Amino acid sequence: MFVENLNRLLVQNFNYFFSFFSLSIVVNKHKPWIETSYHGVITENMDTVLLDPPLVALDKDAPVPYAGEICAFKIHGQEAPFEAEVLNRTSGEGVLRARGPIDCEQQKEYTFIIQAYDCGASPSGANWKKSHKAVVHIQVDDVNEFSPVFREPLYRATVTEGKIYDSILQVEAWDQDCSPQYSQICNYEIVTQDTPFAIDRNGNIRNTERLSYDKQQHYKIMVTAYDCGQKRAMESVPVHIDVKPVCKPGWQGWNKRLDYEPGTGSKQLFPKMHLETCDGPLSSVRAMVELQTSHIGKGCDRETYSEKSLQKLCGAASGSTDLLPAPSVSTNWTASLLTDSGRDSDLIFRFDGRQAANIPEWVVPQNLTDQFTIATWMKHGPSPGLRAEKETLLCNSDKTEMNRHHYSLYVHNCRLVFLLRRDFIQLDSFRPAEFHWRLEQICDKEWHYYVINVEFPSVTLFVDGVTYEPYLVTDDWPIHPSEIDVQLTVGACWQGGEVTTPRFTQYFRGSLSGLTIRPGKIATQKVISCLQACKEGLDISSLESLGKGIKFHFNPAQSVLVMEADDLESINTAMTKVSYINSRQFPTPGLRKLHITTTVQCFGEDTCISIPDIKAMVMVLPPSEPRITIAGVERLVWPAAQLRAPVGVALFKDIHIISTVTKTDATLSIARRPGVLELMHNLDYCDVLVIGEELDPERESLEIHHSSLLGKHLDATNSTSGISIYGVDSMAHYEQAIRQVRYHNWKPGGLSERRFRLSCSELNGRYTSNEFNLEIGIVHSSEAVEHVNHMAVQSQYMRPVHHPLVVHTVNSDHISGTPPAATVVIVMCIAALVVIVVLGIYRIHTTHQDGSKEDEEGRKDPEMDWDDSNLNITVNPMEVSMEEEPEEEENEDEEDDELAGDLFSAESEDSDEEEETNIQKGKVKGKLEWDPSTLPY
């Protein structure tokens, strides 16, 4: 039964399955149908595609279930970033979507194949059918997401002034968007306001007006861009437009002013200079650089030491007489002349045709032999009038009765004439008397240095170191000898005879400085060159780098440099090497003008290109001014006997001279201290002047031994007013010389003190030191001290006893007499003195025993000082009023004092309330060898 039922069931199911399968095969007879092609549009960054026609699949099996339904759309092509979805199976509607973001900038279009699938004949999808293949073409719509960007970060252009350009340059921007609407640049705009430029839609920039190089040489404008969607560039681009002048031949790349700092050596004037010839063919170039310094000092920056100091510095022979010294008490003949100190303490005398000076007879050189030299600085211009009168610089003529000119130097019609008329000798004949020179320098209103060397009958003129022979020499009879006195004058000639009233005549109009006469010697070429040498000039740095293609030469003063080259590169290289140099440690500050003239020659032509002249300047900055300081002991006390000694006393044994500046300059420094910089430079004179009454030649003098000046560029002169040491030399040499200045007074009498003042100078007073005042006290109480000293000394060697030496001074009222009350004081003082002497002898004896065990270290230096703690001797103030010792004892004292040296050098203070004066004595090292008869006091 069970089996039968099972079999029946199986048969029924089999029949059912077979019937269904047969029906399905019959039902799904048609394939789905879709369009053959589709066109779609998708906006980037969106996912839905808009198709035309819409995506719809049809099946003829409809409305049969499954067979007439659409189950899927499939896209063929793995690269297509799209997928299709069925919206309605019955109607067959579908949609096309993007699987991810679509970027137009990466791909603008897509093409792929799509097919539709029905659901088959049953729910299982069996026996499904697909449509034919349709082509789908999709275009990606762009979105304006990017801003324009310029292709260059900066645009540059150069234009020539005076021209209108259609296009100076073109700027270009681009856009990353993919579509023409958003990727194309539709407009450009100049953002900068008020500029003479415009820009078109294509980015071409043009000028709207003619540009001027003098008005503005450089323009900076900002430009922006817009795409066709009117989106503006995020950043504007700068455009630099340089305006160059119309090509004009000339020097370029130079500065009109150059600052020169003292002490920096040679400095290039035109390190970036080059010549523009506008491509003109040239065969040679000649450039002349001129340094104009006529307004500085006497034509340029020279050393401004005194004439005597300069001559000694340059090695000139001694014996020169300065006829135009600085006015002073001893040289007062120049006091009435007009002076023009100018700059840098350079003494210049200006003559306007109304001033002249008579040289005192004691100054005039008396023995002008066949050899002598006349030298002067002169600045002179053309004389007024058609027939100008003679203008006399120097004239030696008869003082009275007659009007004979023995020798003179004068200017006449821009000729320099030297007259020399000799006295009669045994040979009575014509001899050369007038020597004429015609030179441009005489009337060019510039400073020149003139030297006339006379080696009779030959006369030679040097002008700025260059030799000139006279173009005309005239003879004359010698002058008859007479007893008439002569008068030497400067600035005119003295006419003492043949007129009613003696007067000056033939006045000079111009400026003079350093007028000297040196009899018996002529100046050498080396000395002349040294005396007129400029300390500033032009220079060429790195001569070896010039090459063989350049030729150059300087004038003697190195104020003019001429260079020649065959090509542009050589002359450009040479000009960058031209330098300015000033070798003075303290140059004259101010402007120096530069003038450059250039000549260019072309092939086959004399001159083809005109090069404008250049005018520039060098500014020499002010140097750091030194502060010269003299320091030392300002008060000394000496015994009168020491002043009477033949060697006298040294006034400035411990003097020190230093110079400092506040500006830091390592090139000049020799020592570095916090807040101060010490300099090493020269001095040109130091004066020791007497304060108060002048020296009495009958009893006192200031002296410096000639040996103290040997090996130095120093010399000295003295008078009753003091002593002057002069010459260009170092501060150390001046210190050594000043320490040897000695004061000698062989009759001090009642003199109680003398005061002196020391001052020094650099550059003829341009920099001066402080005034160092020295006061020396003179002690006249030698008798009592001498008496005690003779009693105290018992042995040859003796240690100094460490007690202060006390010397009592005496008031004037004690000298006249001794009142009874004072007698008691005298007796008590004598008793105390005896006790002290006894104790002193005992102490000396004991110290001698100790001293004999030590080696002798040397004898006492006559100039050695004593320490103020060595010896204490109290002297009765009344004994000072005793009569002076006999003459023979005084002579012994002088010999003793000569050995004692600087015994009483010290600072002391006088007080009316004190009766004791402490006199310091210098320290004595080791043993002191004393003669028992010469104990100093």
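Just so it is clear, the values below take in all heavy atoms, side chains as well, and ignore hydrogens, waters and symmetry mates. The structure displayed is predicted, hence computed values, not measured ones.
- Residues N202 and Q170 share a closest heavy-atom pair of O-NE2, 2.8 Å.
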Would you be so kind as to tabulate the donor-acceptor pairs closer than 3.5 Å made by side chains of residues 85-92, with sequence neighbours excluded?
| residue | atom | partner | partner atom | Å |
| --- | --- | --- | --- | --- |
| E85 | OE1 | R97 | NH1 | 2.4 |
| N88 | OD1 | T90 | N | 2.9 |
| N88 | OD1 | S91 | N | 3.2 |
| R89 | NH2 | E69 | OE1 | 3.4 |

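- The list of ring-ring contact (aromatic ring centres under 6.0 Å, His included) pairs with a residue in residues 101-123, not counting sequence neighbours, reads F82-Y110, F82-F112, Y117-W128.
- Classification of R151 and E172 as a salt-bridged pair holds, one side-chain N sitting under 4.0 Å from a carboxylate O.
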Assess the residue pair R592 and E536 against the criterion (salt bridge (Lys or Arg N to Asp or Glu O under 4.0 Å)); give the C-alpha distance rounded to whole Å, side-chain angles, the decisive distance to 0.1 Å, and a yes or no. CA-CA 10 Å; R592 275 76 164 163; E536 65 178 340; 2.8 Å; yes
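- Residues I75 and A84 come closest through the heavy atom pair CD1-N, 3.9 Å.
- For the pair I614/M273, a side-chain contact is recorded, criterion being any heavy-atom separation below 4.5 Å from C-beta on.
- Checked by atom type, the side-chain pair S579/Q268 shows no donor-acceptor distance below 3.5 Å.
- At least one side-chain heavy atom of V618 sits less than 4.5 Å from a side-chain heavy atom of L269.
- A donor-acceptor pair under 3.5 Å links the side-chain atoms of R99 to the main chain of A80, judged by distance alone.
- Using a distance-only test at 3.5 Å, with no hydrogens or angles considered, a donor-acceptor pair links the side chain of D61 to the main chain of K29.
- Within the structure, the ring-ring contact (aromatic ring centres under 6.0 Å, His included) test picks out the following pairs touching residues 178-203 (sequence neighbours left out): F197-Y219.
- With rounding to the nearest 0.5 Å, the separation of CG in D567 from OG in S284 is 10.5 Å.
- The pair K615-D613 fails the salt-bridge criterion, with no side-chain N (NZ, NE, NH1 or NH2) lying under 4.0 Å from an Asp/Glu carboxylate O.
- Shortest non-hydrogen contact noted between P238 and L154 is O-CD1, 3.3 Å.
- Listed by chain and number, the residues in a salt bridge (Lys or Arg N to Asp or Glu O under 4.0 Å) with R201 amount to none (sequence neighbours excluded).
- V41 is not listed as a side-chain neighbour of V49, based on a closest heavy-atom distance of 4.5 Å or more.
- To the nearest 0.5 Å, atom OG1 of residue T111 and atom CD1 of residue I138 are 8.5 Å apart.
- Side chains of L211 and P196 form a contact here, defined as non-hydrogen atoms less than 4.5 Å apart.
- How far NE2 of H240 is from CD1 of I221: 9.5 Å, rounded to the nearest 0.5 Å.
- Closest of all the heavy-atom pairs between Y226 and Q230 is CD2-O, 4.1 Å.
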For the pair I113 and V136, evaluate side chain to side chain contact (heavy atoms under 4.5 Å, CB included) and give the outcome as yes or no after the intermediate values. CA-CA 6 Å; I113 302 298; V136 179; over 6 Å; no
Should V289 and L538 be marked as a side chain to side chain contact (heavy atoms under 4.5 Å, CB included) after you check the CA-CA gap, both sets of side-chain angles, and the distance that decides it? CA-CA 8 Å; V289 185; L538 298 174; 4.0 Å; yes
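- Atom CD of Q252 has more than 12 neighbouring heavy atoms from other residues, nucleotides or ligands inside a 6.0 Å radius.
- Atom OG1 of T660 and atom CG of L679 lie 7.0 Å apart (nearest 0.5 Å).
- Within a 6.0 Å radius of CD in E569, no more than 12 heavy atoms belonging to other residues, nucleotides or ligands are found.
- A distance-only check finds a donor-acceptor pair linking the side chain of K267 to the backbone of D259 [under 3.5 Å].
- Within the 3.5 Å criterion, the main-chain N or O of K31 finds no donor-acceptor partner in the side chain of K130.
- Enclosure of atom CD in Q107 by more than 12 non-hydrogen atoms of other residues, nucleotides or ligands within 6.0 angstrom is indicated.
- Other residues, nucleotides and ligands place more than 12 heavy atoms under 6.0 Å from the NZ atom of K231.
- Counting non-hydrogen atoms of other residues, nucleotides and ligands closer than 6.0 Å to NZ of K577 gives a total above 12.
- The neighbour count for M222 CE, taken as heavy atoms of other residues, nucleotides or ligands under 6.0 Å away, is above 12.
- Contact between N144 and D175 at its shortest, heavy atoms only, is OD1-OD2, 4.4 Å.
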Is there a side chain to side chain donor-acceptor pair (under 3.5 Å) between S179 and D142 once you walk through the steps? CA-CA 6 Å; S179 64; D142 188 21; 2.7 Å; yes
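- Considering NZ of K593 and CD of E290, their distance stands at 11.5 Å, rounded to 0.5 Å.
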Verify side chain to side chain contact (heavy atoms under 4.5 Å, CB included) between W33 and H132, making sure each step is shown before the conclusion. CA-CA 7 Å; W33 178 90; H132 62 271; 3.8 Å; yes
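- For the side chain to side chain donor-acceptor pair (under 3.5 Å) test with Q115, the passing option among K74, H76, K133 is H76; the others fail.
- To the nearest 0.5 Å, atom CD of residue E152 and atom CG of residue L169 are 11.0 Å apart.
- Annotation: side chain of M563 is in contact with side chain of I550 (closest heavy-atom distance under 4.5 Å).
- Remark: side-chain polar atoms of N572 are paired, donor with acceptor, to backbone N or O of L568 under 3.5 angstrom.
- Shortest non-hydrogen contact noted between A116 and P32 is O-CG, 3.9 Å.
- Screening residues 242-291 for ring-ring contact (aromatic ring centres under 6.0 Å, His included) gives Y260-Y580 as the qualifying pairs, with residues at least two apart or on separate chains.
- E161 has no carboxylate O lying under 4.0 Å from a charged side-chain N of R210, or vice versa, which leaves the two without a salt bridge.
- Taking 4.5 Å as the limit, every side-chain heavy atom of V560 sits out of range of all side-chain heavy atoms of L291.
- Within the structure, side chain to side chain donor-acceptor pair (under 3.5 Å) pairs that include any residue of residues 47-60 do not occur (at least two apart or interchain).
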Taking it one step at a time, do D242 and K244 satisfy salt bridge (Lys or Arg N to Asp or Glu O under 4.0 Å)? CA-CA 6 Å; D242 294 322; K244 69 176 183 179; over 6 Å; no
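- Looking only at side-chain heavy atoms (C-beta outward), P249 and V600 stay at 4.5 Å or farther from each other.
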Would V246 and T160 count as a side chain to side chain contact (heavy atoms under 4.5 Å, CB included) if you check the C-alpha gap in whole Å, the side-chain angles of each, and the deciding distance to 0.1 Å? CA-CA 6 Å; V246 176; T160 302; 4.1 Å; yes
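- Residues V239 and K220 are not in side-chain contact: their nearest non-hydrogen atoms beyond the backbone lie 4.5 Å or more apart.
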